[in-house]
J.: 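Could you have a look at this structure, given as structure tokens, before my questions?
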2 protein chains.
Amino acid sequence: MARPRKPLLSRDRIVAAALALIDAEGLAALSTRRLAAELGVSGPSLYNHFATKEAILDAAADTVIGNVDVSMFGDGRHDWRAALLEWARSYRAALTAHPNIVPFLAVGPGLRPAGLRMADAVFGGMVEAGWPPAQATRIGALMRYFVTGSALGTFAGGFVGDPAAYDPADYPHLGQAHRLADHREQVDAAAFETGLRALVDGLALQFR
Amino acid sequence: MARPRKPLLSRDRIVAAALALIDAEGLAALSTRRLAAELGVSGPSLYNHFATKEAILDAAADTVIGNVDVSMFGDGRHDWRAALLEWARSYRAALTAHPNIVPFLAVGPGLRPAGLRMADAVFGGMVEAGWPPAQATRIGALMRYFVTGSALGTFAGGFVGDPAAYDPADYPHLGQAHRLADHREQVDAAAFETGLRALVDGLALQFR
DNA sequence: GTCTATAAGTGGATAGAC
DNA sequence: GTCTATCCACTTATAGAC
């Protein structure tokens, strides 16, 4: 096939396919060949739209962050505590929708446009609410730590469903740990909510 | 060279070299060939000590977690708040000593022995302090989220030192963001401390 | 703007000699 | 227990035809 009448590819289609592939098979499964095959196209064609594979990943990561709702900052209908709670939940939901890209997204430079827009909104919202700028910066940072950490690693998933795996001689307190394996999502979601509330409550103690 | 009098390799030497290589050049730089070269040995020799490359990474990750101090749990000299604060700081220090392995360590199953010993100690310490088991589990989980998240991603590092990078039209509140690039460690460390205190203070409000 | 062909290289892992 | 030799799948990216 030579040049088709209509372009077969577009940046959006490539990013969507990359995200789907990463979701289905993990970060390591994303190769330019695999991705091109998924799009019904030959490998090198991707380079007409992105300079490198890294650029594709950056675009995919930014798409994920773009799904985070930041409309609660500075709309006058939320106090800073409510805004922080809502934003954190939206942030976590955006990441857990594509968990396999989180390691890339969390390590990367974070200079991507959607990430900056999010940082800008959070910082602006906190300052407007009365936080000193230095504290507003820290709040943005620490919330990022907590949300990315919770989206990255399932805690409950670290335990297997086999009671025999936890010899009381080695792990005296883990006698019931095998039960966690059956409720991974619930355990992780509950831990996130507990931590989120503690964080916001604890910050409120520092306000002013 | 045939079989040497004394083994040239050992699991410990391999793990130490792997960690050094990951520290110096990142996770992606760890290949069996590179690692073997670093040890003055030929590639396949590693397979006499580890079945797969993954097993080497698991051992390296477990070594890092093994450096976390958990002695403050259940020693009678710490209340739960002080124990949590001390543990979290030791945990973060262990991870930031080897930041490049954190993505692997945080995603992985966490079934490794040192990780289980740590989970066991934290859970036991919280239950002993009077927390209900379900809450003790959540505390272990949410602290893991926060610490791994903070060790994984530098927040401040996501900003470049060039003021022109933050056009006020796009990011109305990031006018001073370029200053963060100069103090990455301090900003990240301060955000961690602020979040840690908020977490523990917030949890105290939920106690009983 | 997609194709074919291919460069130029890396990866993990195995077989069998010593 | 380390070696050499080797397999083979797979990688990102480029050159040039159409």
Side-chain angles (χ1 to χ4, degrees), chain A residues 1-62 100-101 103-105 107-109, chain B residues 1-62 100-101 103-105 107-109:
Chain A
M1 187 198 307
R3 174 189 290 217
R5 281 250 145 97
K6 276 193 155 185
L8 300 179
L9 294 177
S10 69
R11 289 178 63 98
D12 283 351
R13 280 200 67 216
I14 293 172
V15 165
L19 217 37
L21 182 55
I22 291 170
D23 287 345
E25 307 189 31
L27 255 187
L30 185 79
S31 70
T32 55
R33 285 154 138 77
R34 231 353 255 294
L35 178 55
E38 217 76 36
L39 286 160
V41 135
S42 177
S45 298
L46 302 174
Y47 290 92
N48 291 308
H49 301 267
F50 289 95
T52 65
K53 175 189 166 180
E54 179 95 355
I56 299 175
L57 267 169
D58 277 328
D62 209 45
N100 291 339
I101 208 180
F104 175 80
L105 187 151
V107 168
Chain B
M1 187 198 307
R3 175 187 289 215
R5 281 246 145 95
K6 275 194 156 186
L8 300 179
L9 294 177
S10 68
R11 290 179 61 98
D12 283 352
R13 278 199 67 216
I14 293 172
V15 165
L19 218 36
L21 183 53
I22 291 170
D23 287 345
E25 306 190 31
L27 256 187
L30 185 79
S31 70
T32 55
R33 289 156 138 80
R34 237 343 262 292
L35 177 55
E38 218 75 37
L39 286 158
V41 135
S42 175
S45 298
L46 301 174
Y47 290 91
N48 291 307
H49 301 268
F50 289 94
T52 65
K53 176 190 165 179
E54 178 96 357
I56 299 175
L57 267 169
D58 277 328
D62 211 44
N100 291 339
I101 206 180
F104 174 81
L105 189 150
V107 168

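Here is how names work: the chains are called A, B, and so on, in the same order as the sequence lines, proteins then strands, and each is numbered from 1.
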J.: Please give me every residue in residues 15-31 of chain B whose heavy atoms get under 4.0 Å of an atom in DNA chain C, ordered by residue number.
T.: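 Residues of residues 15-31 of chain B that come under 4.0 Å of DNA chain C are, in numerical order, B:Leu30, B:Ser31.
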
J.: Side chains of B:Ile22 and B:Leu57, heavy atoms from C-beta outward: is any pair under 4.5 Å?
T.: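 Contact flag for B:Ile22/B:Leu57 side chains = yes.
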
J.: Indicate yes or no for a side-chain donor-acceptor contact from A:Ser31 to the backbone of A:Arg34 under 3.5 Å, with no hydrogens or angles considered.
T.: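 Yes; judged by distance alone, with no hydrogens or angles, the pair exists.
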
J.: Quick check for you: to the nearest 0.5 Å, what is the distance between B:Asn48 atom CG and B:Leu9 atom CG?
T.: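 Between B:Asn48 CG and B:Leu9 CG, I get 8.0 Å after rounding to 0.5 Å.
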
J.: What is the separation between atom CD1 on A:Ile56 and atom P on D:dA13, rounded to the nearest whole Å?
T.: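 Going from CD1 in A:Ile56 over to P in D:dA13 covers 9 Å.
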
J.: What is the distance from CD1 of B:Ile14 to P of C:dG12, rounded to the nearest Å?
T.: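 Computing the B:Ile14:CD1 to C:dG12:P distance gives 14 Å.
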
J.: Grab the OH-P distance between B:Tyr47 and C:dA15 for me, whole Å please.
T.: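 Those two atoms, OH and P, are 13 Å apart.
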
J.: Between atom CG in A:Asn48 and atom P in C:dG1, what is the gap in whole Å?
T.: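 A:Asn48 atom CG is separated from C:dG1 atom P by 7 Å.
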
J.: Working to the nearest 0.5 Å, report the span between NE2 of A:His49 and CZ of A:Arg13.
T.: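 A:His49 atom NE2 to A:Arg13 atom CZ measures 9.5 Å (nearest 0.5 Å).
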
J.: Rounding to an integer number of Å, can you tell me how far B:Leu35 CG sits from C:dA13 P?
T.: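 Answer to the nearest Å: 12 Å.
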
J.: Nearest-nucleotide wise, let me know which of B:Arg34 and A:Gly43 is further upstream toward the 5' end of DNA chain C.
T.: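 The answer here is A:Gly43.
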
J.: Would you mind reading off the distance between B:Leu46 atom CG and D:dT4 atom P, rounded to a whole angstrom?
T.: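 It is 14 Å, rounded to the nearest whole Å.
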
J.: On DNA chain D, does the nearest nucleotide to B:Leu9 precede the nearest nucleotide to B:Pro44 from the 5' side, or the other way round? Give the residue.
T.: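 Closest to the 5' end, via its nearest nucleotide, is B:Leu9.
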
J.: Under 4.0 Å from OP1 or OP2 of C:dT2: is there any side-chain N or O of A:Ser42 that close?
T.: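 No, outside the criterion.
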
J.: Given D:dG1, is OP1 or OP2 found less than 4.0 Å from the side-chain N or O atoms of B:Ser45?
T.: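 For D:dG1, neither OP1 nor OP2 has a side-chain N or O of B:Ser45 closer than 4.0 Å.
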
J.: Can you measure from OG1 (B:Thr32) to CG (B:Leu46) and round to the nearest 0.5 angstrom?
T.: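 Reported to 0.5 Å precision, the distance equals 6.5 Å.
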
J.: Using a distance-only criterion (donor-acceptor N/O pair, under 3.5 Å, no hydrogens), is the base of D:dT12 paired with the side chain of A:Arg33?
T.: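 Between D:dT12 and A:Arg33, which were checked side chain against base, a qualifying N/O pair under 3.5 Å is present.
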
J.: So do A:Phe50 and A:Val15 actually touch side chain to side chain, heavy atoms under 4.5 Å?
T.: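 Heavy-atom side-chain distance check passes, below 4.5 Å.
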
J.: I need the NZ-P distance between B:Lys53 and C:dT10, as an integer number of Å.
T.: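 Distance check: B:Lys53 NZ to C:dT10 P gives 14 Å.
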
J.: Would you find a donor on one side and an acceptor on the other, under 3.5 Å apart, between the side chain of A:Asn100 and the backbone of A:Asp23?
T.: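 Yes: the side chain of A:Asn100 pairs with the backbone of A:Asp23.
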
